[in-house]
Amino acid sequence: MSDARALARAYLEQQRLVGGDAVVLPGGSGIGARGAEGPRPESRAPSPEPQGDLPPPGLSFDPPSGDLFSTDPIQQAADLDAVARLVAECTKCRLCESRTHTVPGEGPAHARLVVVGEGPGRTEDATGRPFVGQAGELLTKILAAIDWPREQVFICNVVKCRAPENRVPLYDEIAACRPYLFRQIELLAPKVILAMGGTAAQTLLDTKQSLGALRNKLHRFRGTALIVTYHPAALLRNPNWKRPTWDDVRIARRLLDR
Ligand code: URA
Ligand code: SF4
């Protein structure tokens, strides 16, 4: 690697750590600051033209998916039920100790929209179903507002077991659990992913950038369009965020229609 490239790479990594914006290549495709052979800093373009009524490109995360010969049971899970069965027996992190039920997620296997939250709350832990408490009721309304009934959406979370007192899941818990989420998305092959809240957005885009920095961009997860918005629980606390959330889900809807 040339010195200039090494320098560019170090610069991009710094940018990523301080929560800098996505780097946009002149060709128009946005990549994350950890993009393979990073572009030189001077190729950082001014805000690109939005594509029609869509937001500018953002980050792109391409975690490797399992190959045919993988012996990892998660990679071998042939369908969503198989993933759920593995989750039900999972003890890969400490959250297994305090859970009542695992909450793998639910929805049709052919769902075109996947909604990802943070992790089960009290009601979810009690029932084994995602987004069924207060935040879930709001999610149902948000989906109804874009005319995309909840029954047609696969709804899940980054971690599949409730964290004590609903604290934010810790880094190692997320790292232990995310292979289930990634496999679910791989099996679903949706058209659009809606990441609700910072934990979902940062996990799916492999970034530490803030929710504010990630919103209103068209990101990609393994090539699939990914939109970031506020978590419904945050909306319950801060109604000012309802308007931007509405804007975000309408973008998701437009992508579904394309
Ligand atoms: N909050 C989440 O992030 N997920 C749920 O399933 C419920 C509340
Ligand atoms: Fe396993 Fe995920 Fe539950 Fe941790 S949170 S025990 S990794 S299913």
Side-chain angles (χ1 to χ4, degrees), residues 61-90 92 99 101-121 123-125 127-133 135-137 139-162 174 176-197 199-201 203-205 219-229 232 249 251-258:
F61 181 36
D62 278 289
S65 41
D67 58 56
L68 220 47
F69 308 105
S70 169
T71 52
D72 175 1
I74 301 178
Q75 289 307 327
Q76 285 187 337
D79 54 29
L80 296 166
D81 287 342
V83 176
R85 283 195 296 274
L86 291 173
V87 166
E89 306 202 323
C90 181
K92 282 183 199 279
R99 73 186 176 211
H101 291 102
T102 52
V103 185
E106 66 183 27
H110 55 267
R112 282 157 67 195
L113 175 62
V114 172
V115 168
V116 183
E118 179 174 285
T123 324
E124 291 78 18
D125 177 64
T127 58
R129 299 186 54 212
F131 280 101
V132 287
E137 277 172 35
L139 174 60
T140 306
K141 285 186 197 158
I142 291 169
L143 292 171
I146 54 163
D147 245 333
W148 205 271
R150 182 187 165 114
E151 297 69 40
Q152 288 180 24
V153 181
F154 190 86
I155 302 175
C156 61
N157 288 296
V158 170
V159 293
K160 314 302 193 190
C161 304
R162 184 186 184 215
I174 293 172
C177 209
R178 66 179 202 168
Y180 296 114
L181 173 65
F182 290 2
R183 181 64 182 148
Q184 287 173 317
I185 294 174
E186 188 174 25
L187 288 164
L188 285 155
K191 190 154 186 207
V192 179
I193 301 166
L194 181 64
M196 300 195 101
T199 301
T203 302
L204 287 165
L205 293 171
H219 306 282
R220 299 272 164 191
F221 176 84
R222 287 192 188 129
T224 299
L226 186 149
I227 296 296
V228 170
T229 196
V249 293
I251 293 166
R253 174 70 216 231
R254 259 182 260 141
L255 288 163
L256 285 164
D257 288 337
R258 278 153 78 93

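All values below come from the heavy atoms of this structure, side chains included, with hydrogens, waters and symmetry mates left out.
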Side chain Gln184, main chain Val83, donor-acceptor under 3.5 Å: no
Heavy-atom distance under 4.5 Å between the side chains of Thr140 and Phe131, does that happen here? no
Considering the options Leu86, Val159, Val158, which one meets the side chain to side chain contact (heavy atoms under 4.5 Å, CB included) requirement together with Tyr180? Leu86
Hey, is Arg129 close enough to Glu106 for a salt bridge, meaning N to O under 4.0 Å? yes
Assess the residue pair Thr203 and Arg178 against the criterion (side-chain hydrogen bond (donor to acceptor under 3.5 Å, both in side chains)); give the C-alpha distance rounded to whole Å, side-chain angles, the decisive distance to 0.1 Å, and a yes or no. CA-CA 8 Å; Thr203 302; Arg178 66 179 202 168; over 6 Å; no
Measuring only between side-chain heavy atoms, which start at C-beta, is Val116 closer than 4.5 Å to Ile193? yes
To the nearest 0.5 Å, tell me how far Lys141 NZ sits from Leu143 CG. 12.5 Å
What is the minimum heavy-atom distance between Gly136 and Arg150, and which atoms define it? O-NH1, 3.5 Å
Step-by-step side-chain contact (heavy atoms from CB on, under 4.5 Å) determination, Ile185 to Thr224: CA-CA 10 Å; Ile185 294 174; Thr224 299; 5.6 Å; no
Thinking salt bridges, do Asp257 and Arg253 make one under a 4.0 Å N-O criterion? yes
Between Leu181 and Asn157, what is the shortest heavy-atom contact and its length? CD1-O, 4.1 Å
Identify the heavy atoms of Arg220 and Leu205 that sit nearest to each other, and give their distance. O-CD2, 3.9 Å
Side-chain heavy atoms of Pro190 within contact of Leu113, under 4.5 Å: no
Side-chain donor-acceptor contact under 3.5 Å, Ser70 with Gln75: no
Donor-acceptor contact present, side-chain Arg222 to main-chain Pro63, <3.5 Å: yes
CZ (Phe154) and CG (Leu187) are apart, to the nearest 0.5 Å, by 9.0 Å
Run the side-chain contact (heavy atoms from CB on, under 4.5 Å) test on Thr199 and Ile174 for me, step by step, so that the C-alpha distance in whole Å, both residues' side-chain angles and the decisive distance to 0.1 Å come before the verdict. CA-CA 9 Å; Thr199 301; Ile174 293 172; 3.9 Å; yes
Interatomic distance, Glu137 atom CD to Ile142 atom CD1 [nearest 0.5 angstrom]: 12.0 Å
Do any N or O atoms from the side chain of Gln76 and from the backbone of Gly66 form a donor-acceptor pair under 3.5 angstrom? no
Within the side chain of Arg112, is there an N or O that forms a donor-acceptor pair under 3.5 Å with the backbone of Leu256? yes
Between Cys156 and Pro104 the two heavy atoms that sit nearest each other are CB-O, 3.8 Å
Minimum heavy-atom separation for Phe221 to Leu204, with atom names? CD1-O, 3.1 Å
Donor-acceptor contact below 3.5 Å, side chain His101 vs main chain Asp125: yes
Closest non-hydrogen contact found for Pro130 with Val103 is N-CG1, 3.4 Å
Could you go step by step and tell me if Val115 and Met196 meet the side-chain contact (heavy atoms from CB on, under 4.5 Å) rule? CA-CA 7 Å; Val115 168; Met196 300 195 101; 3.7 Å; yes
Start with the C-alpha gap between Lys92 and Val87, add the side-chain angles, then the distance that decides, and say whether side-chain contact (heavy atoms from CB on, under 4.5 Å) holds. CA-CA 9 Å; Lys92 282 183 199 279; Val87 166; over 6 Å; no
